[in-house]
Amino acid sequence: MITSNSNAQVKRLLQLQKKSKARNEEQVFLVEGLRMFLEVPTERVQKVYISETLYNKKKQDLDLEKFSVEILSDSVFSYVSDTKTPQGILCIVEQQKYNIEELLNIKNPHFMVLDNLQDPGNLGTIVRTAEGAGVDAVFLSKESVDIYNPKTIRSTMGSIYRMPVVYVEDLLELLNTFRKKGIKSYAAHLEGKNSYDKEDYKGGTAILIGNEGNGLRDEVADSADVWVQIPMQGKVESLNAAIAASILMFEVYRQRR
């Protein structure tokens, strides 16, 4: 059992918790909490860390024999935890890589494209909602928030294990590829002339959502095939990015369902 905060493994966990560079160099990320642990694909788990208290209470229920497990004293676990009320278990998980060409060849795909999204909670919520709405993949501009940020991972509620998420160097090039493959792109835009629910999303569809404060960059919006807006009442100028994305994703799903 590890009882010291200066232990090398503890230092590594802190690096992986706080720094995207460390996560990307090792091609791993951290997941914390019982639900996230119970849903994790076994073959992608490098190591499991469990608090002394949880180990003594739940070791028979958690089926830990198939993992490499390290017990941490309760105080050390609290030290490495990214939550205010630690559940007592976290694990190092291998990142999943996806082939963009394979994704682009999906028949009548339903894609989400996120331009410079910055809030970890928004991204995690979008990924979780995307799974529920039958989205085939989420594409992000390279300047967007890190999908493996611990807050993002928690917000996905396990969807990170199943939803393809891909960063792209050039969104304009991606949109051009969509067009060549007959995938129509719809930009959520305050100046959209058409209400989002008046469009036909039964063919290949890509929904574009922009930065929380600035919306889509002009060059990205201009490259979309159609601008759509979500009609609103009152004095609200715009919706939260994750809320807007959810409305649009589920309209695509409703039409296809």
*Taking the side chain as every heavy atom from C-beta outward, state whether Pro150 and Leu30 have any atom pair closer than 4.5 Å.*
no
*asked:* Any non-hydrogen side-chain atom of Arg217 less than 4.5 Å from a side-chain atom of Leu171?
replied: yes
*Would Leu174 and Leu114 show up in the same hydrophobic cluster when neighbours are defined by side-chain heavy atoms closer than 4.5 Å?*
no
*Does a side-chain heavy-atom distance below 4.5 Å link Asn24 with Gln95?*
yes
*So with a 6.0 Å cut-off around CG of Asn56, is the heavy-atom count from everything else above 12?*
yes
_Just so I know, are the side chains of Val31 and Tyr161 near enough to count as touching, which here means a heavy-atom distance under 4.5 Å?_
yes
*When Tyr196 is tested against each of Leu248, Val226, Val252 for side chain to side chain contact (heavy atoms under 4.5 Å, CB included), which residue passes?*
Leu248
*asked:* Do Leu62 and Leu34 have side chains that approach each other closer than 4.5 Å (heavy atoms only, starting at C-beta)?
replied: yes
*Just do the side-chain hydrogen bond (donor to acceptor under 3.5 Å, both in side chains) check on Ser4 and Ser6 with the steps written out, would you?*
CA-CA 5 Å; Ser4 171; Ser6 60; 2.7 Å; yes
*Just wondering, do Leu175 and Leu208 contact through their side chains at under 4.5 Å, heavy atoms?*
yes
*How are the rings of Phe111 and Phe178 set to each other: parallel, tilted or perpendicular (split at 30° and 60°)?*
parallel
*Glu212: side chain to side chain contact (heavy atoms under 4.5 Å, CB included) partners, not counting sequence neighbours*: Leu117, Gln118, Asp119, Asn122, Ala241
*Any side-chain donor near an acceptor of the partner, Ser75 and Ser73, under 3.5 Å*: yes
*Would you kindly confirm whether Met112 and Leu104 end up in one hydrophobic cluster when ILVMFWY residues are joined by side chain heavy atoms under 4.5 Å apart?*
no
_Before you tell me yes or no, could you show the steps for Tyr55 and Phe77 under ring pair (Phe, Tyr, Trp, His ring centres under 6.0 Å), namely the whole-Å CA-CA distance, both residues' side-chain angles and the distance that decides it to 0.1 Å?_
CA-CA 12 Å; Tyr55 181 77; Phe77 193 94; over 10 Å; no
*Indicate yes or no: at least one non-hydrogen side-chain atom of Leu16 is less than 4.5 angstrom from one of Tyr148.*
no
*Do you reckon Leu14 sits in the same ILVMFWY cluster as Ile153, going by side-chain contacts under 4.5 Å, direct or chained?*
no
*Would you say Phe250 and Tyr201 are hydrophobically clustered, going by side-chain heavy atoms of ILVMFWY under 4.5 Å?*
no
*Sequence neighbours excluded, which residues qualify as side-chain hydrogen bond (donor to acceptor under 3.5 Å, both in side chains) partners of Arg256?*
none
*Using 4.0 Å as the upper bound for N to carboxylate O, is an ion pair formed by Lys184 and Asp225?*
no
*In terms of heavy-atom contacts, does CD of Glu143 have more than 12 from other residues, nucleotides or ligands at under 6.0 Å?*
yes
*asked:* In the structure I gave you, are the side-chain heavy atoms of Met36 and Arg154 within less than 4.5 Å of one another anywhere?
replied: no
*In the single-linkage hydrophobic clustering (I, L, V, M, F, W, Y; side-chain heavy atoms under 4.5 Å), do Phe139 and Val135 co-cluster?*
no
*Leu72 pairs by side chain to side chain contact (heavy atoms under 4.5 Å, CB included) with which of Val80, Leu90, Thr3, Ile50?*
Val80
_Closest approach of Leu140 to Ser144 (non-hydrogen atoms, all atoms of both residues)_ = CD2-CB, 3.7 Å
*Considering residues at least two apart in sequence or located in another chain, which fulfil the side-chain hydrogen bond (donor to acceptor under 3.5 Å, both in side chains) criterion with Gln17?*
none
